[in-house]
2 protein chains.
Amino acid sequence: MATMHDVARLAQVSVSTVSYVLTGTRPISQATRNKVLAAMAQLDYQPNAMARGLASRRSRILGLLMPMDERGLGATETAFVTGAAAAASVAGYHLVLSPVGGGNPDDLRRLASQRMLDGVVLMEVQLADERVTVLQEVGVPLVLIGRTGDTSTLSYVDIDFDQTVREAVAHLVSLGHRQIVYVNHSAATLASGYGPALRTRDAFTAAMTGHGLEPVMIAAEDSAAGGRAALAAAFAQAPKLTAVLAMNETAIFGILGELTGRGLSVPDDVSVVSMVTSPQVAELATPALTAMTSPGSALGRIAIEALTRHLDGPADQRHQQLLPCTLEIRGSTAAPRRPALATSGPTPNNGG
Amino acid sequence: MATMHDVARLAQVSVSTVSYVLTGTRPISQATRNKVLAAMAQLDYQPNAMARGLASRRSRILGLLMPMDERGLGATETAFVTGAAAAASVAGYHLVLSPVGGGNPDDLRRLASQRMLDGVVLMEVQLADERVTVLQEVGVPLVLIGRTGDTSTLSYVDIDFDQTVREAVAHLVSLGHRQIVYVNHSAATLASGYGPALRTRDAFTAAMTGHGLEPVMIAAEDSAAGGRAALAAAFAQAPKLTAVLAMNETAIFGILGELTGRGLSVPDDVSVVSMVTSPQVAELATPALTAMTSPGSALGRIAIEALTRHLDGPADQRHQQLLPCTLEIRGSTAAPRRPALATSGPTPNNGG
DNA sequence: CCGCTTCGTCGAAGCGCTTCGACGAAGTCT
DNA sequence: AGACTTCGTCGAAGCGCTTCGACGAAGCGG
């Protein structure tokens, strides 16, 4: 392993000159620069990351803290990660993912106070999130994906659930649906303060009320069985429902299964829209699901950009931004068989 | 941020003594140790990871290099990651995931030569994998998940595809199936030298031949449409097939959809077994899929243990180990409607 | 042509830690 | 009892880099 010293000797300059060539923090003549670069190439020199980090007090490593549970990561999350990694690379940082279990905030505190990470992006933030507190105490620059309850002081990037739900509902209403049921995450998830579940619940109520319709929400366990149960509950509460809106990638397969089991066809008898869903998952179902696709890659990019701007720039302003999901019409939505008393809306169509 | 110096001064000992308390590399009297520990607690001292790393020339960070593509990570992969992270933590290491795109081996070389990672676990290894070469050149201790073509010199942990396929085939044969089709990954994947696809192909041929049956394999694109096409191809090649074995978590949903589309019921008309599949995905389908569940968490743990043993122990022996998937019978397998001429086998049953 | 800034380079002082050699005190053989 | 180890501690020398202050050499306005 060649060191900077070796490069300096070979190029017949001082170590500091080599350092300036590497970092560009002071002007270096073109001739000297070339000599140094040649020496580096000849020795196959790679700077030692830890020495740089120690001396400069910045590791140029960003951490992405993601809870890894048994559910796996959807395409949305991986798009997020790749978007973030690409943005970090552009800004001259490395991105590493740390699979912190939700379990142990002490682990997190230790990791963060060891000064190995210049900044942190926190995924799957709860409305009241202990991890946020820990990280703030330690003083690590922080960007959240999702929001805590009190959004005032922190930087975050999140999905615009309000607009996403509004758009999904508008799509169904414009097709002629009037009895729309929203299948949310489980009651336990809601109770634990999971922001997306809470915010979509409120947005759904608002959107339906805005159309003069009655909002019906069902909480479903995150499993196929949960989806089946939820559909049964939905029919119990709204026997004449013609459309299901769901934000539960797992339960939705149970919903589809149960629909088929009841002899109902999608989309002719019941339309289905899946929210915050990746195209890959949407294509898994037959028919492919009309879905609100999450802006995964953009979320990741923007989060990292906000973080690096904070780290490199002098002003430590915060960045708060919402991005809506986009409607992608596939085969699971159509006009209801017997359109309810049409109040408004364009011609129903078969959404290709 | 308190430093070791501060701790030493407060405890009225030398810095080296504090270091020995921290690392346990030399004996320290109980009295001194207590003084030091008290000082650390009082100052809320956390050692600086980069200083330790620079001085000791070991970062105590292990990298898990995982390709992140648009397909997302299944529960198998996340189980792998959590198993690995837990094992690393036990051994006193941090595990970070690096989302290296398959794209750029130079990025990888840079990352690895910066001495930030004490060792590396490489996922999704190809039979001829450029990344392996790069990492070996750089001299980073390495454990593979999967195997290269030449398995002689490297440490690896992999699924025992041979036994897994044998067991899956045995299950179907014992139910009375004789016409079994194997749906593999795509032809392109096979051509690219993806080990699991190649090995299961050979294992399937061997297993079927061993039972005196004819092996039929179909390559399917990793998509629902690919699955549908594969099923059509399967029926073209083996019109009387009664069972499908698949190793393609995405295509399998297309297979199921197409089966339903043809008016065939699972498991009464056709049995389906999904290989290297997590319980979560298996439960998504209706009926839930009989599957060969991959030993994700154990794979991760064993890989990390092999790596840390190599790093901490003196002998640098290599570790090569295969783990089979375990059969979990759910609702997608049963005796065929008209069992073929029974050659052997226990009583067909309905697999709970 | 003198004082002044800017350019390009050097040497040295750390960054916060580990680790080596040394050394007095104590224990252990024989 | 003398010769060795072992124990418990210290001081100092780095690990490989960044960064600060310094300084000769140009460039330049007056």
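Source: prediction; values computed, not measured. Sequence lines set the chain letters: A, B, ... in the order given, protein chains first and strands last, and positions in each chain run from 1.
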Inset, instruction - Could you please spell out the steps behind the side-chain contact (heavy atoms from CB on, under 4.5 Å) verdict for Val21(A) and Thr32(A)? - result: CA-CA 9 Å; Val21(A) 169; Thr32(A) 311; 5.5 Å; no
Inset, instruction - Verify the contact: side-chain N or O of Arg52(A) to OP1 or OP2 of dT18(D), cut-off strictly under 4.0 Å; return yes or no. - result: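 Checking Arg52(A) against dT18(D): at least one side-chain N or O falls below 4.0 Å of OP1 or OP2.
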Protein-nucleotide distance ([X], atom [atom1]; [N], atom [atom2]), rounded to Å:
X	N	atom1	atom2	result
Arg115(A)	dG16(C)	CZ	P	11 Å
Asn48(B)	dT18(C)	CG	P	10 Å
Leu22(B)	dG16(C)	CG	P	15 Å
Arg60(B)	dC17(C)	CZ	P	16 Å
Arg57(A)	dT19(D)	CZ	P	8 Å
Met4(B)	dC15(C)	CE	P	15 Å
Arg9(A)	dG11(C)	CZ	C1'	17 Å
Leu54(A)	dA13(C)	CG	P	18 Å

Strictly distance-based, threshold 3.5 Å: is any side-chain N or O of [X] a donor or acceptor partner for the main-chain N or O of [Y]?
X	Y	result
Thr82(A)	Thr78(A)	yes
Arg26(A)	Tyr20(A)	no
Thr3(B)	His5(B)	yes
Asp118(A)	Arg60(A)	yes

Legend entry - Pair Thr17(B)-Ser14(B), side-chain donor/acceptor within less than 3.5 Å: yes
Under-3.5 Å N/O pairs linking protein and nucleotides 8-10 of chain D:
from: dT9(D); atom 1: OP1; to: Ser29(B); atom 2: OG; distance (Å): 2.8
from: dT9(D); atom 1: OP1; to: Thr32(B); atom 2: OG1; distance (Å): 2.0
from: dT9(D); atom 1: OP2; to: Ser29(B); atom 2: N; distance (Å): 2.8
from: dT9(D); atom 1: OP2; to: Ser29(B); atom 2: OG; distance (Å): 3.4
from: dT9(D); atom 1: OP2; to: Thr32(B); atom 2: OG1; distance (Å): 3.3
from: dT9(D); atom 1: O4; to: Arg26(B); atom 2: NH1; distance (Å): 2.7
from: dC10(D); atom 1: OP2; to: Ser14(B); atom 2: N; distance (Å): 2.8
from: dC10(D); atom 1: OP2; to: Ser14(B); atom 2: OG; distance (Å): 3.2
from: dC10(D); atom 1: OP2; to: Thr17(B); atom 2: OG1; distance (Å): 2.4

Legend entry - Touch class at under 4.0 angstrom, heavy-atom based, for Ser19(A) against every strand present: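 The answer is base, as Ser19(A) lies within the cut-off (heavy atoms under 4.0 Å) of a base atom.
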